[in-house]
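Below is one structure, written out as structure tokens, with a few remarks after it.
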Amino acid sequence: MNIHTYEKVWLVAAMVLIVGFIATITYGAVGPGIAMIDDEGGDINPDEINDDERFAEPGVEHVGGNEYEVAVVAQAWSYTPSQIEVPANSEVTFYVTSRDVTHSFSVVGTNVNTMVIPGQVSEMTVKFDEPGEYGILCNEYCGEYHHTMEGKLNVVPEDEFDMTELSVEADDEVESGNETTITANVENGMQEDLETTVSLEIGDETREEAVTVPGDGSEEVAFTVDSADLGEGDHDWTVTVDDYEESGTLSVVTPDGNESADGGDGDA
Ligand code: CUA
């Protein structure tokens, strides 16, 4: 059989095109790691979101190594939390559900884009290699203020990320001659132990205490403050842990003789 030269050229060109089209479709489907959101995330009763273990306190959770889980609740017209921070070089699994109507959770500039349907949990895992800032927005029309429904995802450099939280309990007032306690509570959201130093500055004194906060736990450091060392008046204090600090004022007051006498009478 004799095939004309041009016929052969067109046959080869058509074959190359067909193979090329199949290759691009295959690459698009499996190459960049794009996955459809399915029902893997499971069901949830939208009226019982506040009782759900994952969504009662939505936010970022460290699950070990470089893996994190982020629970997000969408509602008209906001996300909770609206600001999300994760470290670079992490693998983040998002769980998103809605309290009311259908929204979406779209992280602009990434392939994270899912409908958020009441009763369903959308689950998706993404790798963030580089630090960056991404907007989160809703692209399912959800009512009057749909256009204001937005959030932010910050991927910060690894050495700038931590999950430490500091809270301090202290009295406002102590009677001169008495002691009081300033208690710092350090929470460690990472799975690994955190070795750090808690410091208290009060008056012209700085006190430091080294602590090891267990992974996914917390540790209390109590500083006993003697009013006799401070003298009467207001004294500013600052408790510091890593980049976190909390401050307040402690007043050392004269014991009120009359008041305690009245109290005595009342008791008797
Ligand atoms: Cu939520 Cu649009």
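In each ligand, atom 1 is the first atom listed, and ligand 1 is the first ligand listed. FYI, the numbering just counts along the sequence from 1.
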(message) Taking F55's backbone N and O only, do any of them form a donor-acceptor pair with D52's side chain (distance below 3.5 Å, no angle check)?
(response) yes
(request) Measuring from atom 2 (Cu) of ligand 1, name the closest N, O or S atom belonging to H146. (result) ND1
(request) Just to the nearest 10 degrees, tell me the angle at atom 1 (Cu) of ligand 1 spanned by M149 SD and C138 SG. (result) 110°
(request) Answer with yes or no whether the hydrophobic clustering places V92 together with V108; edges join I, L, V, M, F, W, Y residues whose side-chain heavy atoms lie under 4.5 Å apart. (result) no
(request) Quick one: closest heavy-atom pair of E85 and V60, and the distance? (result) O-CG2, 3.6 Å
(message) Below 2.8 Å, can you find an N, O or S atom of H103 next to atom 2 (Cu) of ligand 1?
(response) no
(message) Tell me which N, O or S atom from E140 is the closest to atom 2 (Cu) of ligand 1.
(response) O
(request) Evaluate the ring planes of F94 and F128, with Trp represented by its six-membered ring, and classify them as parallel (under 30°), tilted (30 to 60°) or perpendicular (over 60°). (result) perpendicular
(message) Below 2.8 Å, can you find an N, O or S atom of H147 next to atom 2 (Cu) of ligand 1?
(response) no
(request) Could you walk me through whether S104 and N139 pass the side chain to side chain donor-acceptor pair (under 3.5 Å) test, one step at a time? (result) CA-CA 6 Å; S104 99; N139 57 24; 2.6 Å; yes
